[in-house]
Amino acid sequence: MWQAEVRIDLDAIRGNVARLRAGTTAEVMAVVKADGYGHGLLPAARAALDGGATWLGVCTLDEALALRRGGITVPVLAWLLAPGLPLHEGVEAQVDLSAASLDQLRELVEAAEQAGRTARIHLKIDTGLSRGGATVTEWPELVEAAAKAQAEGSVEVVGVWSHLVYADQPDHPTIDQQVSAFHDALAVAGQAGLRPRYRHLANSAATLTRPDTHFDLVRPGVAVYGLSPIAGDTFGLRPAMTARARVMLVKRVPAGTGVSYGHTYHTQRETTLAVVPLGYADGVPRHASGVGPVRLAGRNRTIAGRVCMDQIVLDCGDDPVAAGDVATLFGSGEDGGPTADDWAAVVGTINYEIVTRFGSVRVPRVYDGIRT
Ligand SMILES: *Cc1c(COP(=O)(O)O)cnc(C)c1O
């Protein structure tokens, strides 16, 4: 018997990646950083590969090495590398690594020497996000140094890449500017003698709406998990995560009863309260106090009062609600229940954050659609 669970529909992930794949001539790098946006690194990665992804993208070296330990042999790119990491472990594991500065390139050259094999690298240009990536001013020196290191055999420049600012607004003028800056950066790399096999720029939103950003490889993340990067359009994606729990306790209380810490909610009339064993330690944002939607006994309800560390309370009126009934915080939405988008809207965040939060250790993740 289960108490609370995060259910992951792996067939949804497979279908979503197939949908993304069908919309582009580029290869698909499924982004599985942050434990697969809370869906589980290895199960999400395997399902994405089943769906037609040929690359995987992660942030950290540790995430990349975990994929290799899990037996995954497809190309993996890791792009968030602070100084001093054991990058040679990545080189030995044939993980592709990103470099955006001469210092990072130097570390990769050293890692290659230590590993005794060529490091596969992707050079990152900042085309406007002002986050990762070399500036346009730094770029010529970086590509020259990379071309030299490639000639010496210590690195292979597999990719040149960048990241978009405003892909969730497909008509935003910064997209054209970034595409143009990316072409310029590729031309500079070409003058240095670099002909990278993979040029990549697009995240989920650009993969779905801007073919001119696809180049050789697209890097969708949130869409892999069935969440839309652009509010108001599902793009035919299916949410893969459901968060739910079984009602722990029900009780009748009189009108005017204060509910949960601080009594920020009072019952209007005699009513049934249902206590659900999920709280902020499990990923429920505390900002969902008094606003978070939950489906129970065929109706969508709103959390009564404060979200606690481990519990929430629902006011169910005279509806027949019993201990053991299933309360769904969010899921596919196909039954009319709330979605991660609904939660994001009431909490003032994005669907990305909702699902990633629930990838916590306390709530067990259960998988549907495992292939053996
Ligand atoms: C997270 C991330 C992605 C995926 O973004 P989505 O909006 O989830 O598709 C792609 N590229 C980089 C560099 C990222 O950090």
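Just so you know, ligand 1 is whichever comes first in the structure, and atom 1 is the first atom listed for that ligand. Quick caveat, the model's predicted, so the values are computed rather than measured. The chain is numbered in sequence order, starting from 1. We use all heavy atoms of the structure for the numbers below, so side chains are in, but hydrogens, waters and symmetry mates are not.
Between Thr60 and Leu85, every side-chain heavy-atom pair lies at or beyond the 4.5 Å cut-off. Using a 4.5 Å heavy-atom cutoff, the side chains of Ile72 and Leu42 are in contact.
Atoms CG and OG1, on Leu56 and Thr73 in that order, are 9.5 Å from each other to the nearest 0.5 Å. For the atom pair CE of Met309 and CG of Asp282, the computed distance is 10.0 Å after rounding to the nearest 0.5 Å.
For Trp79 and His200, the ring centers are positioned 6.0 Å apart or more.
At a heavy-atom distance under 4.0 Å, only side-chain atoms of His163, from C-beta outward, approach ligand 1. Under 4.0 Å from ligand 1, the heavy atoms of Trp161 that appear belong solely to its side chain.
For atom 2 (C) of ligand 1, the closest heavy atom belonging to the protein is Lys33 NZ, 2.6 Å. From the protein, the heavy atom lying nearest to atom 7 (O) of ligand 1 is Tyr352 OH, 2.6 Å.
Every atom of ligand 1 with a heavy atom of Ser204 under 4.0 Å away is listed here by number and element: 6 (P), 9 (O). Atoms of ligand 1 lying under 4.0 Å from at least one heavy atom of Pro220, given by number and element, are 9 (O).
Some N or O of Arg219 is nearer than 3.5 Å to an N or O of ligand 1, by distance alone. Residue Gly221 has at least one N or O atom closer than 3.5 Å to an N or O atom of ligand 1. For the pair Tyr37 and ligand 1, the shortest N or O to N or O distance falls below 3.5 Å.
Checking side-chain atoms of Thr267 against main-chain N and O of Thr257 turns up a donor-acceptor pair under 3.5 Å. Judged by distance alone, with hydrogens and angles left aside, the side-chain atoms of Asn300 form a donor-acceptor pair with the main-chain N or O of Gly336 at under 3.5 Å.
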